[in-house]
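Read the structure below first, then the notes.
Quick note: numbers below take in every heavy atom, side chains included, and nothing from hydrogens, waters or symmetry partners. Here the structure is a predicted model, which is why all the values come from computation and not from measurement.
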Amino acid sequence: MKICILGTGFAALTAIKETRKRLPNAQIQVIGPCKELIYYPSLIWMPSGLRQADDLRIDLHNFFNRQRVEFIQASVTGLSADGRSVQTDQGEFDNEGLIIASGGRFIKKLPGIEHAITPCEGIPAAQHITDRLKGMDSGTIAIGFGGNPNEPAAMRGGPMFEFLFGIDTLLRQQGRRDKFKLVFFNPASEPGKRLGDKFPEKLKVMLAKKGIESHLGHKVVGFEANKVKTEGGELDADLILFMPGMTGPAWLDNTALPKSAGGMIKADNDARVKGMDKVYVAGDAGSFEGPAWQPKQAHAADIQAKTAAHNLTVDFEAKGEKIQIKHELICIVDTLSHGMLIRRTESGTLMLPPCRLMHYAKRFFEGWYLRQYR
Ligand SMILES: Cc1cc2nc3c(=O)[nH]c(=O)nc-3n(C[C@H](O)[C@H](O)[C@H](O)COP(=O)(O)OP(=O)(O)OC[C@H]3O[C@@H](n4cnc5c(N)ncnc54)[C@H](O)[C@@H]3O)c2cc1C
């Protein structure tokens, strides 16, 4: 049988491992623009020099050999109505089972967004932040994130708290924090609520303790070279970092795949694309049934990919039980010196106060997680 997996990110690699484990003789074809994984969670450590660009680019050549994967270097552009033929800029590729793991896309529609650095763009954006910070002697740094008004789950705020607290710590370590004003802006009046009901209050305390100003509850309407424009007034800023809300991949427009209100691929809670046979989705590309606090996270992508690969193999073997996605949010919000562990499941939320151990745990986890792909 021939299984096709789209992408080489977190969800795709987990789907490859799980599929190979369950179907040792399957032909696995992977389609992606390049043979590497970008380890996004550690981008937050580039401005301090704790990580360099090359540390976060993982060459997948050996992993693909070990997993006996046929890699097609191409970008997906469309999909046949039954999902059995993937259209790419390098031609069409047939499959008998498909797992879509080609990630999401950020909505870069706000006027003047080019004046903000958007960390979702990965290594080049993190390098840009690093270079800009090095070149500044003083000034105001404004950091914020937005959402997708049609799909509350389609946002990524955690890393922006990490950039905010990480830059605060870095400037203190460099002995020049007093020369900078840090401002956190967000359209929500209680940002971070998806991390747990108590998070906004904890955030307020942390911002006050670190002397970080906030501009909350006002919709962001645009940017200028040195300005963040919101419905509640303008903020002057010498450096702007902004994570926009997310939507689904651009190539979806050329398909008949079902879309959620926010433009993601609509899936059942077993990760199968609604109404499709042997077509599954995992990771940022999907919109899944379940709790409203579902995160767009690498951890969630891994859980969804395991579910998708398991259920696809059940489809093929016509035996065994299908499983459902077990929603879980787990992250360590890092400050460059401390880390705050947050875990949210359907049965409750655990939030530990920031401590040094969790900063080192996040660093350790990176090495432990990546060793499977090196
Ligand atoms: C700064 C930052 C920090 C983060 N920190 C954390 C954290 O601490 N913990 C956590 O759990 N998550 C974190 N995340 C979120 C996490 O990185 C994402 O949720 C995760 O990358 C989603 O995995 P994915 O496989 O769905 O998508 P991606 O990792 O985005 O992978 C998508 C893949 O699809 C490929 N692709 C794209 N377009 C096409 C196409 N047309 N055809 C074929 N292939 C295509 C891409 O090249 C890529 O290989 C962070 C994200 C950022 C930006």
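- For Arg272 and Asp268, the salt-bridge test passes: some basic side-chain N is under 4.0 Å from an acidic carboxylate O.
- Under the 4.5 Å side-chain heavy-atom criterion for grouping Ile, Leu, Val, Met, Phe, Trp and Tyr, Leu241 is connected to Leu171 within one hydrophobic cluster.
- In summary, Arg177 and Asp168 engage in a salt bridge, as defined by a charged side-chain N under 4.0 Å from a carboxylate O.
- Sorted by first and then second residue, the pairs that involve residues 1-55 and meet ring pair (Phe, Tyr, Trp, His ring centres under 6.0 Å), not counting sequence neighbours, are Phe10-Tyr39, Phe10-Tyr369, Trp45-His359.
- Under the side-chain contact (heavy atoms from CB on, under 4.5 Å) test applied with Gln67, the options Ile16, Leu13, Asn62 reduce to a single match, Ile16.
- For the side-chain contact (heavy atoms from CB on, under 4.5 Å) test with Asp284, the passing option among Arg156, Arg105, Met264 is Arg156; the others fail.
- Hydrophobic cluster membership is shared by Ile212 and Ile167, with clusters built from Ile, Leu, Val, Met, Phe, Trp and Tyr side chains linked at under 4.5 angstrom.
- Classification of Glu18 and Lys306 as a salt-bridged pair fails, no side-chain N sitting under 4.0 Å from a carboxylate O.
- Looking at Asp55, its side chain does come within 3.5 Å of a backbone N or O of Gln52 through a donor-acceptor pair.
- Note: Thr8 OG1 to Ile38 CD1 = 8.0 Å, rounded to the nearest 0.5 Å.
- Arg176 places no side-chain N or O within donor-acceptor distance of the main-chain N or O of Leu170, the cut-off being under 3.5 Å.
- The salt bridge (Lys or Arg N to Asp or Glu O under 4.0 Å) search around Arg68 returns none, not counting sequence neighbours.
- Defined by atom type and a distance below 3.5 Å, a donor-acceptor pair is missing between the side-chain atoms of His310 and Asp270.
- Side-chain contact check for Phe161 versus Met340: every heavy-atom pair is 4.5 Å or farther apart.
- Distance alone, capped at 3.5 Å, places no donor-acceptor pair between the Thr118 side chain and the Cys120 backbone.
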Quick one: do Asn226 and His115 satisfy side chain to side chain donor-acceptor pair (under 3.5 Å)? Show the steps, please.
-> CA-CA 8 Å; Asn226 290 94; His115 297 298; over 6 Å; no
Could you go step by step and tell me if Asp302 and Thr14 meet the side chain to side chain donor-acceptor pair (under 3.5 Å) rule?
-> CA-CA 6 Å; Asp302 283 343; Thr14 299; 2.6 Å; yes
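- Side chains of Phe163 and Ile117 form no contact here, defined as non-hydrogen atoms less than 4.5 Å apart.
- Although no hydrogens or angles enter the test, the distance criterion places a donor-acceptor pair under 3.5 Å between the side chain of Thr247 and the main chain of Gly262.
- Looking only at distances, no side-chain donor or acceptor of Lys210 sits under 3.5 Å from a matching main-chain atom of Phe165.
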Verdict with supporting geometry, Lys362 and Glu162, salt bridge (Lys or Arg N to Asp or Glu O under 4.0 Å) = CA-CA 12 Å; Lys362 187 158 175 139; Glu162 295 184 297; 2.8 Å; yes
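- The pair Arg363-Asp334 does not meet the salt-bridge criterion, since no charged nitrogen lies less than 4.0 angstrom from a carboxylate oxygen.
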His299 and Glu328: CA distance, side-chain angles, deciding distance, side chain to side chain donor-acceptor pair (under 3.5 Å) verdict | CA-CA 8 Å; His299 178 62; Glu328 183 182 57; 2.6 Å; yes
Evaluate the side chain to side chain contact (heavy atoms under 4.5 Å, CB included) criterion for residues Ile141 and Met136: first the C-alpha distance (whole Å), next the side-chain angles of each, then the deciding distance (0.1 Å), finally the verdict.
-> CA-CA 10 Å; Ile141 304 171; Met136 287 171 80; 4.1 Å; yes
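- Using a cut-off of 4.0 Å between Lys/Arg side-chain N and Asp/Glu carboxylate O, Glu151 and Lys259 are scored as not salt-bridged.
- Using a distance-only test at 3.5 Å, with no hydrogens or angles considered, a donor-acceptor pair links the side chain of Asn254 to the main chain of Thr77.
- Linking Ile, Leu, Val, Met, Phe, Trp and Tyr residues whenever their side-chain heavy atoms come within less than 4.5 Å leaves Ile107 and Ile265 in two separate clusters.
- Judged by the 6.0 Å distance and 45° axis criteria, Lys193 is not positioned over the aromatic ring of Phe199.
- Ion pairing between a basic and an acidic side chain is recognised when a charged N comes within 4.0 Å of a carboxylate O; Arg57 and Asp54 show such pairing.
- Looking only at distances, a side-chain donor or acceptor of Gln294 sits under 3.5 Å from a matching main-chain atom of Pro291.
- Put simply, CZ on Phe316 and NZ on Lys278 are 5.5 Å apart, with the number rounded to the nearest 0.5 Å.
- When hydrophobic clusters are built by joining Ile, Leu, Val, Met, Phe, Trp and Tyr residues whose side-chain heavy atoms come closer than 4.5 Å, directly or via intermediates, Ile44 is grouped together with Met160.
- By the 4.0 Å N-to-carboxylate-O rule, Lys326 lies too far from Glu346 to be salt-bridged with it.
- Leu329 and Leu341 fall into different hydrophobic clusters, where Ile, Leu, Val, Met, Phe, Trp and Tyr side chains are chained together by heavy-atom contacts under 4.5 Å.
- Ring geometry for Phe242 against Phe185 counts as parallel: the plane angle stays under 30°, on a 0 to 90° scale with 60° as the upper cut.
- For the side-chain contact (heavy atoms from CB on, under 4.5 Å) criterion with Leu6, the lone passing option out of Leu98, Ile72, Leu79, Asn95 is Leu98.
- Side-chain N or O atoms of Arg343 include none that pairs as donor or acceptor with a backbone N or O of Thr349 at under 3.5 Å.
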Evaluate the side chain to side chain donor-acceptor pair (under 3.5 Å) criterion for residues Glu366 and Ser42: first the C-alpha distance (whole Å), next the side-chain angles of each, then the deciding distance (0.1 Å), finally the verdict.
-> CA-CA 8 Å; Glu366 176 206 80; Ser42 298; 2.6 Å; yes
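- A salt bridge links Glu121 with Lys108; the closest basic N to acidic carboxylate O contact falls under 4.0 Å.
- Formation of a donor-acceptor pair under 3.5 Å by the Ser260 side chain with backbone atoms of Ser287 is not found in this model.
- Arg84 and Glu96 are not joined by a salt bridge, as no carboxylate oxygen comes within less than 4.0 angstrom of a charged side-chain nitrogen.
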